[in-house]
Amino acid sequence: MFTRILIANRGEIALRILRACQDLGIGTVCVYSEADQDAGYLKYADEAICIGPPQAAKSYLDISRIVSAAEVSDVEAIHPGYGFLSENAHFAEICQSCNIDFVGPPPEATRILGNKARCRELAKKVGVPTVAGSDPIDNEEKAVAIAREVGYPVMIKAAAGGGGRGMRMAHNDVSLVSGIMSAQAEAGAAFGDGSVFVEKYIERARHIEIQVLGDRHGNMVHLGERDCSLQRRHQKLVEETPSPVVSPELRAEMGAAAVKLARAGGYFSAGTVEFLLDPHGRYYLIEMNTRIQVEHGITELVTGVDLVREQIRIAAGEKLSFSQEDIRWNGVAIECRINAEDPDNNFRPCPGQIGRFFPPGGPWVRWDSHVYSGYVIPPYYDSMVGKLMVHRPTRADAITCMRRALEEIVIEGVRTTIPLHLEIFGHTHFIRGQVDTNFVEGYFAKK
Ligand code: MV4
């Protein structure tokens, strides 16, 4: 097992990884930008190294700065968290070449499974259902022919895209051609790869993702699903497990499909296979996330598996200490992502200093956050303040518990999404589990 790990991330996930390291008796090195120099969690690290100015490109995204910090602090491994360099295969390769273990999947698996087009191609090869659509577009006439064949509306997606970037909807030939051009331009600029493909738009779908966990000895399990249908502009607002619409039989089937795909791609570590589930119960692969995800905590609550701890054990060459038959799901867990955004101003980010602050708590409540009264939320990174999770025997109990927790939070000095979450948790359709990927956009259209 490692003696020292560098945490190449910030905020709540840096604290989460730090806690897992401490539980494993592993020393910790935290890197931080000048914008995070007063971050409270740094005091828990054995060593904290400033790697640059606030801009992510010159700090948390700068491979040479992070690897230099790893060299001078003599760590054996780097945990990338999520976002930043967590899905950067080149970074994982540089770590390997410097004899530093990367706490995540092998680079070649990231290159295949983390690319939407290559992931789709592999899924077709191994018999995992995919959405009707195209390979990467090399000419517009072909794209028009395929879109007409599968039927409008269609989605245009960047192969190297993520978080909704390089993604467009098209309802006819004209918007298809213009959508392809703008998606190619956006993806080329954002990811250095402008390749895009077309998929039929699955109406009234649920967004169901399967958590997989594999070690370096060929063992792999799935840990059930997370229903992430409540998104606003491709940013998840609420996640829950189990999904109200996934039966034990469907869970086993989708779990097996996810494991089959990940194995075929040579994957190990924690990863998430994303599917769409249509109203007829048919599921389709859309992509794979080759990292630990923001919403991993609700899976930890219902399965009792510490995913970050397992990632570290796997990176150190240890075997999974459980089989698929050992996995049990207990109760319902729901997460709200609390962001410092202004619901009355189109959810624009609302950084600033937190005044009076009282976190939620009590039985069955988990609050994963790095913030405190007096903390300044910097404008340079994502606006997430914390992840509020609850774990109860039933979905109805979980909703009640979440409402109580949301109502007791005090965060002054910044606007947050808490009022929106309270509206969602009071909405009949959500309470009945009858929402799909259009719910949030549709909800705002009526306001
Ligand atoms: C889709 C889709 C419907 N049809 N693909 C992919 C990335 C994720 N952030 C959203 N994704 C979707 N891909 C096809 N072919 C529906 C979604 C989707 C969604 C789309 C728009 C607005 C909110 C959404 C919430 C979840 C899933």
Using modelled atom types and a 3.5 Å cut-off, is there a donor and acceptor pairing between side-chain atoms of Glu412 and backbone atoms of Ile354? no
Given 3.5 Å as the limit, does a donor-acceptor pair link the side chain of Asn9 with the main chain of Ala14, or not? no
Between [Y] and [X], is the closest basic N to carboxylate O distance under 4.0 Å?
X: Arg206; Y: Asp227; result: yes
X: Arg4; Y: Glu47; result: yes
X: Glu295; Y: Lys387; result: no
X: Lys124; Y: Asp135; result: yes
X: Glu335; Y: Arg226; result: no

Have a look at Arg291 and tell me which of Gln311, His296, Glu87 forms a side chain to side chain donor-acceptor pair (under 3.5 Å) with it. Glu87
Could you check Ile314 against Leu320 for side-chain contact (heavy atoms from CB on, under 4.5 Å), going step by step and ending with a plain yes or no? CA-CA 7 Å; Ile314 286 163; Leu320 290 184; 3.9 Å; yes
Please evaluate residues Ser59 and Tyr380 with respect to the criterion side-chain contact (heavy atoms from CB on, under 4.5 Å), reporting the C-alpha separation (whole Å), side-chain torsions for both, the decisive distance (0.1 Å), and the verdict. CA-CA 11 Å; Ser59 52; Tyr380 306 98; over 6 Å; no
Count the heavy atoms belonging to other residues, nucleotides or ligands that lie under 6.0 Å from [atom1] of [X], then report whether that count exceeds 12.
X: Trp367; atom1: CH2; answer: yes
X: Asn139; atom1: CG; answer: yes
X: His234; atom1: NE2; answer: yes
X: Tyr44; atom1: OH; answer: no

Quick check, are the ring centers of Tyr375 and Tyr372 under 6.0 angstrom apart?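 For Tyr375 and Tyr372, the ring centres are under 6.0 Å apart.
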Verify the ring-centre separation between Trp329 and His391: is it less than 6.0 angstrom? no
Where is the tightest heavy-atom contact between Asp46 and Gly27, given as atom of each residue plus distance? OD2-CA, 3.1 Å
Can a side-chain donor-acceptor contact be found between Thr417 and Arg337 if the only test is distance below 3.5 angstrom?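 No pair is found: no donor N or O on one side chain lies under 3.5 Å from an acceptor on the other.
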Distance only, no hydrogens: is a donor on one side chain within 3.5 Å (strictly under) of an acceptor on the other, for Glu209 and Thr272?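 Note: Glu209 and Thr272 side chains miss the donor-acceptor criterion.
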State, with a plain yes or no, whether a side-chain heavy atom of Val294 is found less than 4.5 Å away from one of Lys236.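 SC-SC contact between Val294 and Lys236 ruled out.
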